[in-house]
Amino acid sequence: AQSVTQLDSQVPVFEEAPVELRCNYSSSVSVYLFWYVQYPNQGLQLLLKYLSGSTLVKGINGFEAEFNKSQTSFHLRKPSVHISDTAEYFCAVSAGGFKTIFGAGTRLFVKA
Amino acid sequence: EADIYQTPRYLVIGTGKKITLECSQTMGHDKMYWYQQDPGMELHLIHYSYGVNSTEKGDLSSESTVSRIRTEHFPLTLESARPSHTSQYLCASRGSYLETNEKLFFGSGTQLSVL
């Protein structure tokens, strides 16, 4: 079975500052890793994913994440955030079966 | 981009009522899912389907039921709603690995409030 832990429930940050949202996972098998974003009153949409290959993956809106197998982490980063990045971010894991397991989410607040 | 639709968007009902939350997708995806989302909590998988006439219960026990008579339609029903059912319900779909690379497509959700 897989599980996902998002280490921060809320992250406040000033506009144009860098941000890192942390995610750790556990699994006994190889996994696919994802970050989804949920803007207010909307469904989730895929930000980026790691399936194989390069451990640094780039997503939409300037976000990137690095897969670290030894630390079982998949932290999300952005070098300079905007007000419009205010949203909830979900880390997720799939073992290639039918199920995707989600973390509890991290609410990112970007302040002017 | 998403072609997956949920209705209603918001629903406020009284205890004991029967309700059906609708979910439809136009992408021809075989796999469909219902997740329950509470503030500050993980999205919990409550039902999923591999295809027509296939439904399975998810990791979180739920009193709701689902059906999959057509590929594009995956409704969720509560026979007798209770206040404990108050939550956000998210529907999602996914194609084959070749089609979607494990990506889930989500609807906008139904916020259910049972009084």
Undergrad: Is chain B contacted by the side chain of A:Q38, its backbone, both, or neither, given a heavy-atom distance below 4.5 Å?
TA: side chain
Undergrad: Count the heavy atoms of every other residue, nucleotide or ligand shown that sit under 6.0 Å from CZ of A:F14, and state whether that count exceeds 12.
TA: no
Undergrad: Pick from A:G103, A:S94, A:A104: which one has the most heavy-atom pairs with chain B under 4.5 Å?
TA: A:A104
Undergrad: Side chain to side chain contact (heavy atoms under 4.5 Å, CB included) between A:V4 and A:F90: does it pass, once the steps are laid out?
TA: CA-CA 10 Å; A:V4 177; A:F90 291 91; over 6 Å; no
Undergrad: Can you tell which of B:L45, B:L90, B:L104 has the highest number of heavy-atom pairs within less than 4.5 Å of chain A?
TA: B:L104
Undergrad: Tell me, out of A:Q45, A:R107, A:K99, who's got the most heavy-atom pairs with chain B below 4.5 Å.
TA: A:K99
Undergrad: Does A:K49 count as lying over the ring of A:F34, i.e. NZ or CZ under 6.0 Å from the six-ring centre, within 45 degrees of the axis?
TA: no
Undergrad: Please state whether the side chain, the backbone, both or neither of B:Q6 comes within less than 4.5 Å of a heavy atom of chain A.
TA: neither
Undergrad: Under 3.5 Å, is there a donor-acceptor pair between the B:T65 and B:T77 side chains?
TA: no
Undergrad: Under 4.5 Å from any heavy atom of chain A, what part of B:E56 do you find: side chain, backbone, both or neither?
TA: neither
Undergrad: What I want to find out is whether A:E64 reaches A:R77 closely enough, with some N-O distance under 4.0 Å, to be called a salt bridge.
TA: no
Undergrad: Checking B:D59 against chain A: side chain, backbone, both or neither under 4.5 Å from a heavy atom?
TA: side chain
Undergrad: Is the ring pair B:H29/B:F105 parallel, tilted or perpendicular, if the boundaries are 30 and 60 degrees?
TA: tilted
Undergrad: If you count heavy-atom pairs within less than 4.5 Å of chain B, which of A:L51, A:I101, A:T106 leads?
TA: A:L51
